[in-house]
Amino acid sequence: MSDIRVRFAPSPTGYLHVGGARTALFNWLFARKTGGRFILRIEDTDLQRSSEEMVRGILEGMEWLGLDYDEGPFYQSDYAEKHRETAARLLDSGAAYRDFTPKQERDEATIKQQFAEAARQPRARNPYRDLPRDQSDRMAAEGTPFVIRLRVPEEGRTSFDDVVFGLQERSCTEIEDLVLLRSDGHPLYNLSVVVDDIEMGITHVIRGQDHISNTHKQVLIYEALGAQVPTFAHLPLILAPNKSKLSKRKHGAVVSVTTYRDSGFIPDAFVNFLALLGWSPEETDREMFTRAELIERFSLEGIHKSNAVFNFTEGDARHWTDQKALWMNHEYISKMPLADLLPMVRTQLERDGLWRERYGGDQSEWFAQTVDLLRARYRTLADFSSYGRAYFVDDLSFEFEQAAVQKNLKKDAALRDLLPGLAAKFEAVEVFDHESTDAALREFAGERGVKAGLLINAARTALTGQSVGPGIFDVIVAVGRERTVARLRHAASLV
RNA sequence: GGCGCGUUGGUGUAACUGGUUAACACGCCGCCCUCUCAAGGCGGAGAGCACGGGUUCGAGUCCCGUACGCGCUACCA
């Protein structure tokens, strides 16, 4: 056990964002790799938008991904008093001052414009920065509202050595006297994180690159507090295909990890995919890694500086998320131990009302074989109940794809007569297995003078409604004699 | 506007401290399997390393500039 302590500190937005998930993953991997502790802290200082509901989304996402934390979840709002005390301490030590400037309402929409305007003239010195302490105390006592701002040095530079981005330096003149405590007594983000990170003994801060300029302000706070500055490692961002920041508002469900859970992703597969976004192991000729292998190989040094693009096509059902993620999930589904996959498929079928108790009882062998048969060509667990529906349903309530019907059934009118004939042939077979059905079908084809392929392809569509799938005799055996015979007869009506 | 960071095929990534025809994976295309393919096998196209200079015998790798992108810039986090 090392003394390394890291934390994942999401704000409760109601769901876990893929970018946040990756940040959590990297923190987790680092903690597990180094024998450190991984702490979860919910940054709910934002008054309005924080509720049990919102927090649940984060927790669910973490749980699904299998990112277990050693401490927490802690709620930042529980420490507000501590944050206020710290601000008061900074005020007393002279590292901060009261600013009595009336609150200036900012309109979110025009904020960028305001930056540009403000930048045109040199930053005005805050008139209250040098107000003598007794006057400041008097005004406060009189009830004049104020905020507490950090007294940022007028010269010099702040710096920190980022593990990923290297030495970061900034002139203090570029940093404004940031607000620590609002006029209503609410502590602000930069103060809160620093106080909490100190309190929790965080040694390594691993977070998104969008915090890099906040870090300079935070370093100043650490210094004003006389606390030890942790090691920082900023992560490159995950961008949308058009290279803009990935956001739920603009990009919808693709950014939420619950979407991946609900779409039939295997947690390990998604973790594997996420790990390779912005990080690469030294062993570069491989991409498939188990969790243990990821932990073993993980290092902060392997993190990249450039942003990664999460590649997906909006509105395209087959490309709804990154192709590589889908491919990787397919790899997991087709190669993972069958015993691990079975319960996942079961959950999926239950969700879609396709699960039968007998699949877990006297048909458990059949269920395992069928899943094993289908897995090679599926990309998500959801495929088992969509593409695989025909295997789990007794009646004909599965979709007959138009193209398949056209191609394999309507192709030859003789099928109208052949299909019932084949059904009869199958009924007469003694043992209904791969060999006997194969022999029966070929014998029937010979009797009728047609190519086996005609019957085979027609049977595929008759049994599954599709034109693609596993080898036909495997399909026939999986579907079983009763349904095979019934479906062949029914298909004659579709010719 | 200011400050910072980044830029290798469509995407994710490789390329030792500069040294052979820039490698791998996804995707795409084609072929094979011939009972199909959204499975599998095999093969192919696709970047000359954002652009322009410079240093060097030699640069994706070092230096400078430009462009573009992204981030931050708030009594949001």
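The figures here come from the full heavy-atom set of this structure, side chains too, leaving out hydrogens, waters and symmetry mates.
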When we call it a touch if two heavy atoms are under 4.0 Å apart, what does [X] touch: a base, just sugar-phosphate, or nothing?
| X | value |
| --- | --- |
| A:F310 | nothing |
| A:F273 | nothing |
| A:E287 | base |
| A:Q466 | nothing |
| A:T101 | base |
| A:D383 | nothing |
| A:P470 | base |

Please convert RNA chain B into dot-bracket. A pair counts if it is Watson-Crick or G-U wobble with both distances under 3.5 Å; crossing pairs go in [ ] and bases paired with another strand get |. (((((((..((((.....[...)))).(((((.......))))).....(((((..]....))))))))))))....
Taking the C1' atom in each of B:G58 and B:G48, what is the distance between them to the nearest angstrom?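 Rounded to whole Å, the distance is 16 Å.
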Quick one: list whatever passes side chain to side chain contact (heavy atoms under 4.5 Å, CB included) with A:S77, sequence neighbours left out.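 Applying side chain to side chain contact (heavy atoms under 4.5 Å, CB included) to A:S77 gives A:D44, A:Y75.
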Could you work out which one of B:G12, B:G4, B:C35 sits closest to the side chain of A:R460?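 Looking only at heavy atoms from C-beta outward on A:R460, the closest nucleotide is B:C35.
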When you measure only distances, ignoring hydrogens and angles, does the side chain of [X] come within 3.5 Å of the base of [N] through a donor and an acceptor?
| X | N | value |
| --- | --- | --- |
| A:R170 | B:C3 | no |
| A:E176 | B:A74 | no |
| A:S213 | B:C3 | no |
| A:Y387 | B:A38 | yes |

Decide yes or no for A:V194 and A:Y189: does some side-chain heavy atom of the first lie under 4.5 Å from some side-chain heavy atom of the second?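 No; the side chains remain at least 4.5 Å from each other.
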Between A:I202 and A:V6, is any pair of side-chain heavy atoms under 4.5 Å apart?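 In short, these two side chains do not touch, never coming nearer than 4.5 Å.
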Heavy-atom closest pair, residues A:L373 and A:V475: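 So the minimum-distance heavy-atom pair works out to CD2-N, 4.4 Å.
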Which residues satisfy the side-chain hydrogen bond (donor to acceptor under 3.5 Å, both in side chains) test with A:T380, sequence neighbours excluded?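 A:T380: side-chain hydrogen bond (donor to acceptor under 3.5 Å, both in side chains) contacts with A:D383.
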Can you give each donor-acceptor pair under 3.5 Å made by side-chain atoms of residues 236-246 of chain A, sequence neighbours left out, with the distance rounded to 0.1 Å?
from   : atom 1 : to     : atom 2 : distance (Å)
A:N242 : OD1    : A:S244 : N      : 3.0
A:N242 : OD1    : A:S244 : OG     : 2.7

Which pairs, protein N/O on one side and nucleotides 40-45 of chain B N/O on the other, fall under 3.5 Å?
none

Interface polar pairs with nucleotides 13-17 of chain B, N/O, under 3.5 angstrom:
from  : atom 1 : to     : atom 2 : distance (Å)
B:U13 : OP1    : A:L276 : O      : 3.4
B:U13 : OP1    : A:G278 : N      : 2.4
B:U13 : OP1    : A:H304 : ND1    : 3.3
B:U13 : O3'    : A:S280 : OG     : 3.0
B:U13 : O3'    : A:H304 : NE2    : 3.2
B:A14 : OP1    : A:S280 : OG     : 2.3
B:A14 : OP1    : A:H304 : NE2    : 2.6

Indicate, with yes or no, if the rings of A:F310 and A:W320 have centres closer together than 6.0 Å.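 Centroid distance A:F310-A:W320: not below 6.0 Å, so no.
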Should A:K245 be listed as having a side-chain N or O under 4.0 Å from OP1 or OP2 of B:C72?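 For B:C72, OP1/OP2 do have a side-chain N/O of A:K245 under 4.0 Å.
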